[in-house]
There are 2 protein chains.
Amino acid sequence: MRSHYCGALSEAHIDQDVTLCGWVNRRRDHGGVIFVDLRDREGITQLVFNPEYSQESFNQANQVRSEYVLRVKGRVQRRPEGTENPDLATGQIEVWGQNIEVLNISETPPFPIDEKLEVGEDIRLRYRYLDLRRPESFQRLRLRSAITRQLRQFLDSQGFLDIDTPILTKSTPEGARDFLVPSRTHPGQFFALPQSPQLFKQLLMVAGVDRYYQIARCFRDEDLRADRQPEFTQLDIETSFLHEDGLMNLMEEMIRDLFTTVLGVDLQTPFTRMPYAEAISHFGVDKPDLRIPLKLVEAGDLMKTVEFKVFAEPAKNDQGRVAVLRLPRGNKLSRKEIDDYTQFVAIHGAKGLAYIKVINLSQGRAGLQSPILKFLPNEVIDAILERTDAKEGDILFFGADKAAIVNESLGALRVKLGHDHGLVESGWRPLWVIDFPMFEWDDKENRWSALHHPFTAPKEEDLALLAQNPAVCRSRAYDLVLNGSEVGGGSMRIFQPQVQQQVFSLLGIKQEEAQDKFGFLLDALKYGCPPHGGIAFGVDRLVMLMTGSTSIREVIAFPKTQTASCLLTGAPGSVAGSQLQELGIKSSPSTSK
Amino acid sequence: MRSHYCGALSEAHIDQDVTLCGWVNRRRDHGGVIFVDLRDREGITQLVFNPEYSQESFNQANQVRSEYVLRVKGRVQRRPEGTENPDLATGQIEVWGQNIEVLNISETPPFPIDEKLEVGEDIRLRYRYLDLRRPESFQRLRLRSAITRQLRQFLDSQGFLDIDTPILTKSTPEGARDFLVPSRTHPGQFFALPQSPQLFKQLLMVAGVDRYYQIARCFRDEDLRADRQPEFTQLDIETSFLHEDGLMNLMEEMIRDLFTTVLGVDLQTPFTRMPYAEAISHFGVDKPDLRIPLKLVEAGDLMKTVEFKVFAEPAKNDQGRVAVLRLPRGNKLSRKEIDDYTQFVAIHGAKGLAYIKVINLSQGRAGLQSPILKFLPNEVIDAILERTDAKEGDILFFGADKAAIVNESLGALRVKLGHDHGLVESGWRPLWVIDFPMFEWDDKENRWSALHHPFTAPKEEDLALLAQNPAVCRSRAYDLVLNGSEVGGGSMRIFQPQVQQQVFSLLGIKQEEAQDKFGFLLDALKYGCPPHGGIAFGVDRLVMLMTGSTSIREVIAFPKTQTASCLLTGAPGSVAGSQLQELGIKSSPSTSK
């Protein structure tokens, strides 16, 4: 129906007859001539309807309105001198319209497509098909498509096979968050939608597939936090006969290739690799944003003997921590600003935010300014100044509490200070976090829980610790962190049935339960399971970062809201009672929590 | 962990030290030397453990059993003359093992992996991870991966964007067969799993995406026929501003490219295009297998006036049909064989199977042999012989009944005769069936139903027939048929709201119901919907045909049985009452039909 995309025309087409199809982005009448900006996904071309050139098409052009769908025949012309539009790719040319066919009309859209007007997210989601006509929305989907294409091409070239795994499957370890699907053929029984293809990809390794990938839809029915979706997409990968170093190297190549091809950005490899303990110690979190050049500094050893109990107690406590965060050139912070930061860390559980301003280093104590100065002996202060490499004009913030609280609050403060004070470096800082603990203690359940998942292998040198001291047993897990976001995570898996049984039992999964839920995996491990491991990348989050979007909703064609509903289709909705009856279930919303 | 895949070794590697990982396919002791066939996904290499070469590795090799997982270091050697194995890609070489590492042991598998033994499907599905170790099973998955890769590459090269659409969505037109998913966040409400992304892809066209594709998971909760799965995969495609001819041409290019690249088969384009009416008339079905050179021939007009009521009644009836099917060289069929075919057509509803054997053409009536000869006048017989182009030695079969029964029974007989008598030509015979009727009359519901789906556009020249005579109104639908299987189907869609309303109303979908179910689509049509259309290919079926498999279960990594259960994981299964309570539902299997 058309000869060219609107956005594809250039000076090379001058004097050619073309047929364009698209939407009326804008129409204006100017000196007895009608100008129509016609838009398709590739861009905009200016159409000119001059009654001297064609009275009929001028009359037709006079009728069209915004978002009408047109098919226009015309001839490409150079724009008159002085009327070129350098902001437009096609700004050197225009098309003199000879014939208009109105393919469809349009009511006035609920928000303008042609302006970069801020429009509420609810209305954009409700009319997502109009929102996606806005070039900036569409470009995100286009980049997403380019990203998954490039990932596939890399993996294909490395011998990975793209294999689909079931969506209708069985309840998983974290079953409480499974979406359930009643079965018509087996009344009273349910499928579950997968939270990940974890078990299937491990079975594919048992099957000898060797290298598997899938861009897989996953589901989690949880209270939706700021930026989660009930269904999300992950790039799921598993390999056999490859150690973690080999896998991480391969994944670095993949990400490097992706950034080069899609963004034209050259990432440095190898990526930094940092043990979990170091990440927590320096950044308070296991996904540090390395673009922010601030670090937590340990001060617990210095504080054990001070009289100031706020510091001494956590310093002496095994579960406690005292740490310092230095903000260069921060001593100009006002009382009000410091109060605001104090409130900020309070959100993360900190009871206060002690600080020392470094006014003049040569004056010793007298050159410092701080409400806590009087509690600290000279040698402690000297040690802190030295250890933090404090310079004149800096401010030091202190965190002292349970380690978890210090980590969270100073970790968050570090990021906030970085952004508030323009310290965030540009570019991409990928980072592998490694050497995770296998377990963390679950106070509520009074048992160990898996930091990753129950199929994660312990480090071989820590194998004996499984029985002796699970707390310090490290796993063969690795997370890929990009600018403070976890974009991928994986591990080498347990491939020996007895180790798997041991880990299940540490996690309080009884033999019978293990057999019931994972019997097929335990069976599979008995029949020659190869050493294997893999990783999964959050595609939505990766695309969000690469497109510079502020929410994963921006990079999903038809996202759901934070209450897990689709404003466009109205899903979820009510269904006929007869339908439920056929499925052998009854709706009893009143019983739900 | 390895230097090469087992199957990748050749004479080029002779004298090289290699490290292989894989499974013990077979171990045998022969003249004091142990031979181990080591298998990975790429093939098999023979390992030789000679005590003279390494006593230690010989002793280790003595311990290994079938399906043990080994890592072996050794040196590639040319096989001694006379011991080469031409059946094996690596049959010219062997690896002299220097060192064995047993990575994992294996219990004796429930069926042998190394033999092409017939094993019951149930046990293969239960141990699918072992079944997939069999090379012929694995190759199907590998080819599937190659097929989807090639389809994607073609579509990417043509400017199609790969866009995901939701799995958790709203109940669709054929809602009765939807899988439902109770929502925790909206108790009493349900998501539905999509039977296809139909509405979403149309919305993407409204959004101006212009060219969309997705390899999409679809779901249908129906009584499973011979070869259906509750979840299946379709290659879903939609375009704007392209007429059906343009789309069909593009799809032909895609399929041609696929067959060339993946199978090395050169398909002739353009594919045959055949109106629905012609397909039914000549083959009795809308998905004829053109490899079978037999055709139904119309005889109704000849039979209207004969006294034989079995023929005359259907010939005179508008809903009836009399047709002839000629089997060349079929007059040697025995009484018993003809009886068997009579029983065969009875399955398809035919009350009998009249026939005429052509013994000697020059003798007129006397040269024919048939129980019905006496009922037919000479001129009718002559006309039939001429019309069917009957030759000496042929047999003519007659169908006379309601048209639907004649079509189904003679259509099926045609295929059966083709296979029984070795008439099926080799190769691939793709075919577009076009010019479908928009509607078929649903006797049970006493209303029209859509032959494709309610969004299929009528032919422009038939638009007036929507109101006047829906029975003869043709649609802009097209099916791609390959060797008697429908592998794809699509249409140009309705893009004007008033036409969509008119079709809904013909289908007995009331305004209110339409608004409730498809309000968002009707809304979208108001805001400048472009002319658009698309197609969906059944990936499972296409892969089945291309791999020469007998069931789609063979080309799905983890298929379900015909009762929609997964023998491997045991899905569907029971879930905790607390889980149901949280979802606001109760299980009441007794109420289900």
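Throughout, protein chains are lettered first and strands after them, A, B, ... in sequence-line order, and every chain is numbered starting at 1.
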Could you have a look at Val24(A), Leu132(A), Leu203(A), Asp516(A) and say which one has the most heavy-atom pairs with chain B under 4.5 angstrom? Leu203(A)
Under 4.5 Å from a heavy atom of chain B, the part of Gln202(A) involved: neither
Hey, is the main chain of Asn104(B) close enough, under 3.5 Å, to the side chain of Gln496(A) for a donor-acceptor pair? no
Only pairs of heavy atoms separated by less than 4.5 Å count here; which of Ser137(A), Ala207(A), Pro110(A) has the most with chain B? Ala207(A)
Can you tell me if Ser3(A) uses its side chain to pair, donor with acceptor, with the backbone of Thr19(A) under 3.5 Å? yes
Does a sphere of radius 6.0 Å around CZ in Arg126(A) hold more than 12 heavy atoms from other residues, nucleotides or ligands, not counting ones at 6.0 Å or beyond? no
If I measure from the heavy atoms of chain B, does Tyr68(A) come under 4.5 Å with its side chain, its backbone, both, or neither? neither
So which residue, Leu130(A), Val575(A), Asp210(A), Thr165(A), ends up with the most heavy-atom pairs under 4.5 Å with chain B? Asp210(A)
Selection from Asp40(A), Leu168(A), Val69(A), Asp156(A) maximising heavy-atom pairs under 4.5 Å formed with chain B: Leu168(A)
Arg217(A), part contacting chain B, at a heavy-atom distance under 4.5 Å: side chain
Ion pair Arg144(A)/Asp540(A), N-O distance below 4.0 Å: yes
Contact class of Ile556(A) relative to chain B, heavy atoms under 4.5 angstrom: neither
Under a 4.5 Å heavy-atom cut-off, does chain A meet the side chain of Arg133(B), its backbone, both or neither? both
So which residue, Ser66(B), Ala576(B), Pro497(B), Ser565(B), ends up with the most heavy-atom pairs under 4.5 Å with chain A? Ser565(B)
Identify which part of Arg142(A) has an atom lying under 4.5 Å from any heavy atom of chain B, answering side chain, backbone, both or neither. both
Contact winner vs chain A - Ile105(B), Leu525(B), Ile113(B), heavy-atom pairs under 4.5 Å: Ile105(B)
Heavy-atom donor-acceptor pair, Arg128(B) side chain to Leu568(B) backbone, under 3.5 Å: no
Measuring heavy-atom distances to chain B, does Cys566(A) have an atom under 4.5 Å in its side chain, in its backbone, in both, or in neither? neither
Under a 4.5 Å heavy-atom cut-off, does chain B meet the side chain of Pro531(A), its backbone, both or neither? side chain
Does Gln150(B) have any side chain to side chain contact (heavy atoms under 4.5 Å, CB included) partners at least two apart in sequence or in another chain, and if so, which? Gln153(B), Asp257(B), Leu258(B), Thr261(B), Val262(B)
At a heavy-atom separation under 4.5 Å, does Asp164(A) approach chain B through its side chain, its backbone, both, or neither? both
Among Phe219(B), Tyr127(B), Phe495(B), Tyr129(B), single out the residue with the greatest number of heavy-atom pairs under 4.5 Å to chain A. Tyr129(B)
Measure Leu242(A) against the heavy atoms of chain B and call it side chain, backbone, both or neither at under 4.5 Å. backbone
If you count heavy-atom pairs under 4.5 Å with chain A, which of Thr108(B), Ile215(B), Leu141(B) comes out on top? Thr108(B)
Heavy-atom pairs under 4.5 Å with chain A: which of Leu521(B), Ile163(B), Asp523(B) has the most? Asp523(B)
With respect to chain B, which residue among Pro530(A), Gly570(A), Ala557(A) yields the maximal number of heavy-atom pairs within a distance under 4.5 Å? Pro530(A)
Closest heavy-atom pair, Gly188(B) versus Ser587(A), reported as atoms and distance to 0.1 Å, is CA-OG, 3.4 Å
Using side-chain contact (heavy atoms from CB on, under 4.5 Å) as the criterion, point out the one residue from Thr148(A), Val539(A), Val555(A) that pairs with Thr233(A). Val539(A)
Picking from Ser240(B), Gly159(B), Ala146(B), Pro559(B), which has the most non-hydrogen pairs under 4.5 angstrom with chain A? Gly159(B)
Contact between Lys517(A) and Lys170(A) at the side-chain level, heavy atoms closer than 4.5 Å - yes or no? no
Could you go step by step and tell me if Glu67(B) and Tyr527(A) meet the side chain to side chain contact (heavy atoms under 4.5 Å, CB included) rule? CA-CA 7 Å; Glu67(B) 302 309 316; Tyr527(A) 291 111; 6.0 Å; no
Residues forming a ring pair (Phe, Tyr, Trp, His ring centres under 6.0 Å) with Phe558(B), sequence neighbours excluded: Phe200(A)
Under 4.5 Å from any heavy atom of chain B, what part of Val209(A) do you find: side chain, backbone, both or neither? both
